[in-house]
Amino acid sequence: MTLEDLRVFVAVCRAGSLSAVARELGCTQSAVSQHVKRLERETGVALLERQPRGVVPTRAGRLLETAAAEGISGLDLAVRQLRDLVDGHSGQVRVATGATTVRHFMSEALVTFRRRHPKVNLEFRTVSSGRGSFDALADGTLDLAWITIGPPVRGIEQRPVVELPWVLAVRSDDPLAAHASLDAAGLRDVRLIRLPPNSTSATHLDATCAESGVRLAYDTSVADWDTALLLAELGVGRAVVPAVPGLAVPGNGELRLVQLPGLRPLPVGWAVRRWDALSPPARSFAATVAEQRRERLAVSPRTAPPPPSRSPA
C-alpha cells in the first residue's frame, strides 16, 4: 500500500469512474485499477462496487476513503508548511535575550524582519545567564541566544556581531564628569557599581583592566547594565558599562558618559548549537540583526559624544 494508491483510490471514489481518473492522470484505466486492487489485497476486502454507470465505494471503501482523504489533506498541509519553512516564509524562531537586548540591539531588526517575514512567529525568552542559554540551545528548546562572547563552550558555536566600547557613567555633578575620556589608570581609586556577578561582561572588564595593571574596587552590584546606569544617574555610584547602541545621554541631563578608550571592547553576538542546522527563518533573523548593527556602526560613532566641558565640582 502506497500513498499514491490512496490518492488514486480517493480520486476514483469522488469521480465514480476509473476511466475519468485515468484521463485526469494521463494513464491507462488498467493502471488505475491496479492501484485499487493493491489496496484490496492489503485490506482483504472489496473496496469498489461496479455499477452500470461507473463505480461506488463499498461500506469498507467509504471507511478507507474518509480516513485516506483526511490523512492526505493533513500531509498536503504539512508539505506546504515545510516548503514555507524551507523558503523562510513561516515557522518559528525562539530567541534567548537578556533584559536589555531587544531594546538596544534588535529594535530596528525586528521591524525589518517582520516586514520581510510576516508569517514567522518570534518568541523571546529571558534567560538569566549564559550557561542557561547554552543549555537551552543544546537541548533544542531555543534556536538563537544573544550573548556576551566568551571562552569556547563545547557543543556551542559563538559568532561576534559587534564590539562595544566601555564608558564610565557618572552623575553630572561628579568631578569625573569634566573628563571627555580616561585611561585605565584613572579608574584605580574609583569605587564602582559591579556588573552582574559571574557574568561574562564582568569577567571581561576585570581582565581588560588587569591588562593595564588596574584592579577595580566595587561597593554595589546590579543584575543588568540598565540598572547600573540608573544608579549612576541617581548619584548612588559610578559604573563602567558597555556603550550599548541607542544609549542616549542628554546634554543637560543628570548622566554623563566618560569614554575609556584604553579598555578592550566587549564583543557581543549570537550563540547557536550549529549554524548549518539553523532553520531559514532563524538564520534570516540572525543575519538581519547583524546587518542592522553593521549599518548603524557605519553611520554613527562607536561611543557617545564627550560631555560639555566644565570645571570640577
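Numbers for residues simply follow the sequence, beginning at 1. Every heavy atom of this structure was used, including side-chain atoms; hydrogens, water molecules and symmetry mates were not.
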Participant: So, does Glu254 use its side chain to make a donor-acceptor pair with the main chain of Ser172 at under 3.5 Å?
Facilitator: no
Participant: Rounded to the nearest 0.5 Å, how far does CD1 of Ile149 lie from OG of Ser201?
Facilitator: 12.5 Å
Participant: Mind checking whether Phe113 and Val289 have side chains closer than 4.5 Å, heavy atoms only?
Facilitator: no
Participant: Under a 3.5 Å distance rule, please check whether Arg191 uses its side chain to pair with a backbone N or O of Thr220 as donor and acceptor.
Facilitator: no
Participant: Of Leu3, Val10, Asp5, which meets side-chain contact (heavy atoms from CB on, under 4.5 Å) against Arg7?
Facilitator: Leu3
Participant: Where the side chain of Thr58 meets the backbone of Ala46, is there a donor-acceptor pair that is under 3.5 Å apart?
Facilitator: yes
Participant: Give a yes or no on whether the backbone of Gly140 and the side-chain of Arg94 come within a donor-acceptor separation of less than 3.5 Å.
Facilitator: yes
Participant: So, Arg256 and Asp174, do they make that salt bridge, N to O below 4.0 Å?
Facilitator: no
Participant: Closer than 3.5 angstrom, by distance alone: can the side chain of Arg188 be matched with the main-chain N or O of Gly213 as a donor-acceptor pair?
Facilitator: yes
Participant: I need the Leu144 CG to Arg159 CZ distance, nearest 0.5 Å.
Facilitator: 10.5 Å
Participant: Are the side chain of Ser212 and the backbone N or O of Ala184 linked by a donor-acceptor pair below 3.5 Å?
Facilitator: no
Participant: Is Ile72 reachable from Leu39 through a run of I, L, V, M, F, W or Y residues, each pair having side-chain heavy atoms under 4.5 Å apart?
Facilitator: yes
Participant: Thr208 side chain to Arg264 main-chain N or O, any donor-acceptor pair under 3.5 Å?
Facilitator: yes
Participant: Give a yes-or-no answer on whether the side chains of Asp224 and Thr227 include a donor-acceptor pair shorter than 3.5 Å.
Facilitator: yes
Participant: What salt bridge (Lys or Arg N to Asp or Glu O under 4.0 Å) pairs are there with at least one residue in residues 41-57, not counting sequence neighbours?
Facilitator: none
Participant: Supply the atom-to-atom distance Gln34 CD to Leu18 CG, rounded to the nearest 0.5 angstrom.
Facilitator: 11.0 Å
Participant: Check ring-ring contact (aromatic ring centres under 6.0 Å, His included) between Phe9 and all other residues, then give those that pass, not counting sequence neighbours.
Facilitator: none
Participant: If the threshold is 4.0 Å, N to carboxylate O, is there a salt bridge linking Glu157 and Arg273?
Facilitator: no
Participant: Would a hydrophobic clustering, with Ile, Leu, Val, Met, Phe, Trp and Tyr connected at side-chain separations under 4.5 Å, put Val55 with Leu63?
Facilitator: no
Participant: Grab the two heavy atoms, one from Pro265 and one from Glu163, that are nearest each other, plus how far apart they are.
Facilitator: CB-CB, 3.8 Å
Participant: Quick one: which of Glu291, His117, Gln292 gives a side chain to side chain donor-acceptor pair (under 3.5 Å) with Thr112?
Facilitator: Gln292
Participant: Rounded to the nearest 0.5 Å, what's the gap from CZ on Phe105 to OG1 on Thr97? Could you check?
Facilitator: 11.5 Å
Participant: Quick one: does Val272's side chain get under 4.5 Å of Ile156's, heavy atoms only?
Facilitator: no
Participant: Apply side chain to side chain contact (heavy atoms under 4.5 Å, CB included) to residues Leu48 and Val56 and explain how you reach the verdict.
Facilitator: CA-CA 6 Å; Leu48 293 178; Val56 296; over 6 Å; no
Participant: Name all residues meeting the salt bridge (Lys or Arg N to Asp or Glu O under 4.0 Å) criterion together with Glu123; count only those two or more places apart in sequence or in a different chain, and write none if there are none.
Facilitator: Arg125
Participant: How far apart are the closest heavy atoms of Cys13 and Pro57, and which atoms are they?
Facilitator: SG-CB, 3.9 Å
Participant: Please answer: with hydrophobic residues joined when any side-chain heavy atoms are less than 4.5 Å apart, are Ile193 and Leu216 in the same cluster?
Facilitator: no
Participant: Do we see a donor-acceptor contact under 3.5 Å between the side chains of His204 and Thr148?
Facilitator: no
Participant: Mind checking whether Val268 and Ile147 have side chains closer than 4.5 Å, heavy atoms only?
Facilitator: no
Participant: Determine whether Leu257 and Val236 fall in the same hydrophobic cluster, where Ile, Leu, Val, Met, Phe, Trp and Tyr are linked whenever their side-chain heavy atoms lie under 4.5 Å apart.
Facilitator: no
Participant: State, to 0.1 Å, how close Ser133 and Ala145 come at their nearest heavy-atom pair, and which atoms those are.
Facilitator: CB-CB, 3.8 Å
Participant: Could you pull out the closest heavy-atom pair between Pro261 and Leu182, with the gap in Å?
Facilitator: CD-O, 3.6 Å
Participant: Which heavy atom of Val93 sits nearest a heavy atom of Ala282, and at what distance?
Facilitator: CG2-N, 3.6 Å
Participant: Determine whether Asp143 and Trp270 make a side-chain contact, defined as any pair of heavy atoms from C-beta on separated by less than 4.5 Å.
Facilitator: no
Participant: With side chains defined as the heavy atoms from C-beta onward, is the minimum distance between Val161 and Trp146 less than 4.5 Å?
Facilitator: yes
Participant: Output the distance between atom OG1 (Thr43) and atom CZ (Arg38), rounded to the nearest 0.5 Å.
Facilitator: 12.5 Å
Participant: How many angstroms lie between atom CG of Leu168 and atom CG of Leu192, to the nearest 0.5 angstrom?
Facilitator: 7.0 Å
Participant: Within the side chain of Ser33, is there an N or O that forms a donor-acceptor pair under 3.5 Å with the backbone of Gln29?
Facilitator: no
Participant: Less than 4.5 Å apart, any side-chain heavy atom of Leu205 and any of Thr203?
Facilitator: no
Participant: When you look at Arg171 and Leu234, which way does the side chain to side chain contact (heavy atoms under 4.5 Å, CB included) test go after all the steps?
Facilitator: CA-CA 7 Å; Arg171 188 176 167 87; Leu234 294 174; 5.5 Å; no
Participant: State, without any angle test, whether Thr28 and Ser30 hold a side-chain donor-acceptor pair at a distance under 3.5 Å.
Facilitator: no
Participant: Between Gly150 and Gln158, which heavy-atom pair has the shortest distance, and what is it?
Facilitator: N-OE1, 3.1 Å
Participant: Less than 4.5 Å apart, any side-chain heavy atom of Val240 and any of Val167?
Facilitator: no
Participant: Would you find a donor on one side and an acceptor on the other, under 3.5 Å apart, between the side chain of Ser284 and the backbone of Pro280?
Facilitator: no
Participant: Taking Pro196's backbone N and O only, do any of them form a donor-acceptor pair with Ser199's side chain (distance below 3.5 Å, no angle check)?
Facilitator: yes
Participant: Is any side-chain N of the basic residue among Arg194 and Asp206 closer than 4.0 Å to the acidic one's carboxylate O?
Facilitator: yes
Participant: Are Val21 and Met1 connected into the same hydrophobic cluster when the rule is that any two of I, L, V, M, F, W, Y join if their side-chain heavy atoms are below 4.5 Å apart?
Facilitator: yes
Participant: Does CG belonging to Asp189 count more than 12 external heavy atoms closer than 6.0 Å?
Facilitator: no
Participant: Quick one: does NZ or CZ of Arg283 land under 6.0 Å from the six-membered ring centre of Trp275, within 45 degrees of the ring axis?
Facilitator: no
Participant: Applying side chain to side chain contact (heavy atoms under 4.5 Å, CB included), run through Thr288 and Leu110 and close with a yes or a no.
Facilitator: CA-CA 8 Å; Thr288 301; Leu110 275 172; over 6 Å; no
Participant: Would you say that Leu187 contacts Leu263 through its side chain, given a criterion of any heavy-atom pair below 4.5 Å between the two side chains?
Facilitator: yes
